[in-house]
There are 2 protein chains.
Amino acid sequence: MSDCMSCVVRNRAICSALNPDELGALSKLGRKQVVSRGQTLVWEGDESLVVANVIRGVLKLGVSTADGREQIVGVVFPSDFIGRPFGKESPYSVNALTDAEVCIFTRSSFDDFAKDHPDLQHKLLQRTLDELDRARQWMMLLGRKTASERIATLLLEISNRLGNTGCSSIAPFLDQFELPMDRQQMGDVLGLTIETVSRQLTKLKEAEMIALPDRRTVVIKDRQRLQNLAEAA
Amino acid sequence: MSDCMSCVVRNRAICSALNPDELGALSKLGRKQVVSRGQTLVWEGDESLVVANVIRGVLKLGVSTADGREQIVGVVFPSDFIGRPFGKESPYSVNALTDAEVCIFTRSSFDDFAKDHPDLQHKLLQRTLDELDRARQWMMLLGRKTASERIATLLLEISNRLGNTGCSSIAPFLDQFELPMDRQQMGDVLGLTIETVSRQLTKLKEAEMIALPDRRTVVIKDRQRLQNLAEAA
DNA sequence: GTCGTTGCTTGACTTGAGTCAATGCGGCAG
DNA sequence: CTGCCGCATTGACTCAAGTCAAGCAACGAC
């Protein structure tokens, strides 16, 4: 890889655990790769051969049943880590929701490097613990929240995840943003159908909590009310 | 703690990463604690002050909304690790489903110990990755499976988790076992109501896939058919 | 014994979300 | 400009699961 030191996620990705020398060593193992929207990086059930850091773009982690039902079990943003280090087949597929750029490693070379760098493993552990907490919050959503609560939660989550680019702590969240996914994919994240997603968005628009200038753009007009709805109070 | 070397989960818990000397040092930091059914070990939203290994019994991790809906986001069995190391408040409460025994540490002393023991962190990372995979599989269940598929999945999961005690690799799963939870709690794990749980269990019984000799006992009579149902084919 | 209590099951009815089927709309190729 | 194509929205209807309300069975206290 050419230049980790100038990488836009240098200070947020797990690489931030490494000093310049270590970073140089790691950079020899990986390479940047562009992934275009819709492209699949890893298939569900395949042996886990690669891991990666997200540099730019948004990707989804998806599980599907034999009869074609799909559930998106994770959405990864820049600086997030992708993959299943230390063996095991990947229990989900990884797919680009938008054009993206990742910094990719073979699993075996990454594993070897990680074994010798406890600080890197520590960062990875923290990240995995955070991801687990997020997954559990999502379990509450999928098990117990109503359709409108789910939509409200998703919009706020995306607003936060897109806002926290870290570069500018001025914007902890965004009041206007582009959805990195279409209606079907929103349904797949929320455990709903495309029609229910559409209807609930219309309701939130009619209630003036949000505006939808075009299919992909969301404006949060009343964050407080949206938050109350999301928190299922 | 008196005697880690003779601990029943010695070879399966994260402690298996440690040599006898290290184990001796860790044992000075922790203590065994008996927890009785229904007792709460950690409250949702409280600062995470303790972590623990489960020695005996089954505990649940639960999240609830302001208006009283509950979702169980994890069930932990002997040798599993409980808690949120490295800061952060606990996003869920921890509750004993059965009488249990845990080996408990203050978070800060465990954190300090872990910092100096990369092998322990490595074990913890692997365990957390496994737990994350399990949580994601459960997201598929909560988002996309029907009531009967959910029940079938839960019964098989409990059969496997109770079977894999590690002590005897003879029994990879059990065909008869005691449910470590009541109907309400099954509903809370599956995102269903108590009535739906009861009705679906009756259906599985009528279809002769299982038998229910008493409220808490389950006998798997046709594992293959139950598995087909669970896999949502 | 019999009275409560607690947890589970069953039945009748309601409802939130799914299904099926048009219709609408914005962009782009020709 | 026109017509098509790929989403997205909307409407009418269905159905799986939830709600509300009895009953039932096992167990312990007295």
Side-chain angles (χ1 to χ4, degrees), chain A residues 36-38 65 67-71 97-98 140-155 178-207 210-219 229 232, chain B residues 36-38 60 65 67-72 97-98 140-155 178-207 210-219 229 232:
Chain A
S36 46
R37 182 199 287 204
T65 58
D67 64 347
R69 283 171 274 174
E70 174 159 12
Q71 176 67 43
L97 287 172
T98 66
M140 156 52 87
L141 176 145
L142 293 169
R144 295 303 190 194
K145 287 190 184 177
T146 64
S148 54
E149 289 164 357
R150 293 183 198 203
I151 296 279
T153 308
L154 177 65
L155 296 180
E178 293 274 290
L179 289 170
M181 58 187 84
D182 63 26
R183 297 290 186 269
Q184 179 60 60
Q185 290 158 342
M186 292 176 73
D188 290 342
V189 178
L190 298 173
L192 298 171
T193 59
I194 186 170
E195 293 96 330
T196 301
V197 170
S198 179
R199 280 189 252 268
Q200 296 300 332
L201 282 172
T202 308
K203 274 195 191 165
L204 292 183
K205 191 174 65 180
E206 280 167 355
I210 60 168
L212 301 166
D214 69 78
R215 346 188 115 187
R216 289 268 179 169
T217 317
V218 174
V219 183
L229 182 55
Chain B
S36 47
R37 181 197 287 200
K60 72 179 171 77
T65 57
D67 64 348
R69 282 172 274 174
E70 172 156 15
Q71 177 66 43
I72 295 178
L97 287 172
T98 66
M140 156 53 87
L141 176 145
L142 293 169
R144 295 301 189 197
K145 287 191 184 175
T146 64
S148 54
E149 290 163 358
R150 294 183 198 201
I151 296 279
T153 309
L154 177 65
L155 296 181
E178 294 274 289
L179 289 170
M181 58 188 83
D182 62 27
R183 298 292 187 269
Q184 179 61 58
Q185 288 159 341
M186 292 176 73
D188 291 341
V189 178
L190 298 172
L192 298 171
T193 58
I194 187 172
E195 293 95 332
T196 301
V197 170
S198 179
R199 280 189 251 269
Q200 296 300 333
L201 282 173
T202 307
K203 274 194 191 165
L204 293 184
K205 190 174 64 179
E206 281 167 356
I210 61 169
L212 301 166
D214 68 77
R215 344 186 118 184
R216 289 270 180 166
T217 316
V218 175
V219 183
L229 182 55

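Each chain gets a letter, A, B and so on, in the order its sequence line appears, and its residues count up from 1. Since we're looking at a predicted model, the values are computed, not measured.
Per the geometry, CG belonging to A:Leu179 stands 15 Å off P belonging to D:dC7, to the nearest Å. The distance between atom CG of A:Asp214 and atom P of D:dC7, rounded to the nearest whole Å, is 15 Å. Following rounding to the nearest Å, B:Arg183 (CZ) and D:dA17 (P) show an atom-to-atom distance of 18 Å. Rounded to whole angstrom, the span from the CG atom of A:Leu142 across to the C1' atom of C:dA17 amounts to 15 Å. Protein atom CE of A:Met186 is 16 Å distant from nucleotide atom P of D:dC7, rounded to whole Å. B:Arg69 has its CZ atom 12 Å from the P atom of D:dG18, to the nearest Å. At whole-Å resolution of the value, NZ in B:Lys203 and P in C:dG11 are 12 Å apart. Rounded to an integer number of Å, the gap from CG of B:Leu212 to P of D:dA25 is 16 Å.
Within the structure, every pair that satisfies the side chain to side chain donor-acceptor pair (under 3.5 Å) test and touches residues 189-202 of chain B, not counting sequence neighbours, is listed here: B:Thr193-B:Thr196.
Distances shown here put every side-chain N or O of A:Arg215 at or beyond 4.0 Å from the OP1 or OP2 atom of C:dC25. For the pair A:Thr202 and D:dT10, the criterion of a side-chain N or O lying under 4.0 Å from OP1 or OP2 is met.
Residue contacts shown for A:Gly191 are limited to sugar-phosphate atoms, with no base heavy atom under 4.0 Å away.
A donor-acceptor contact under 3.5 angstrom links the side chains of B:Thr153 and B:Lys145, judged on distance only.
Near DNA chain C, defined here as any heavy-atom distance below 4.0 Å, the residues from residues 192-200 of chain A are A:Leu192, A:Thr193, A:Glu195, A:Thr196, A:Arg199, listed numerically.
Here the side chain of B:Arg150 pairs no donor or acceptor atom with the backbone of B:Val189 at under 3.5 angstrom. A donor-acceptor pair under 3.5 Å is formed between the side chain of B:Arg69 and the backbone N or O of A:Arg144. In this structure a side-chain-to-backbone donor-acceptor pair under 3.5 Å is missing from A:Arg215 to A:Asp182.
Nearer the 5' end of DNA chain D, as judged by each residue's closest nucleotide, is the contact made by A:Met181, out of A:Arg144 and A:Met181. Both B:Gln184 and A:Arg150 lie near DNA chain C, and the one whose nearest nucleotide falls closer to the 5' end is B:Gln184.
Put simply, CG on B:Leu142 and CE on A:Met140 are 10.5 Å apart, with the number rounded to the nearest 0.5 Å. In this structure, the separation between CZ on A:Arg183 and CG on A:Asp188 is 13.5 Å, given to the nearest 0.5 Å.
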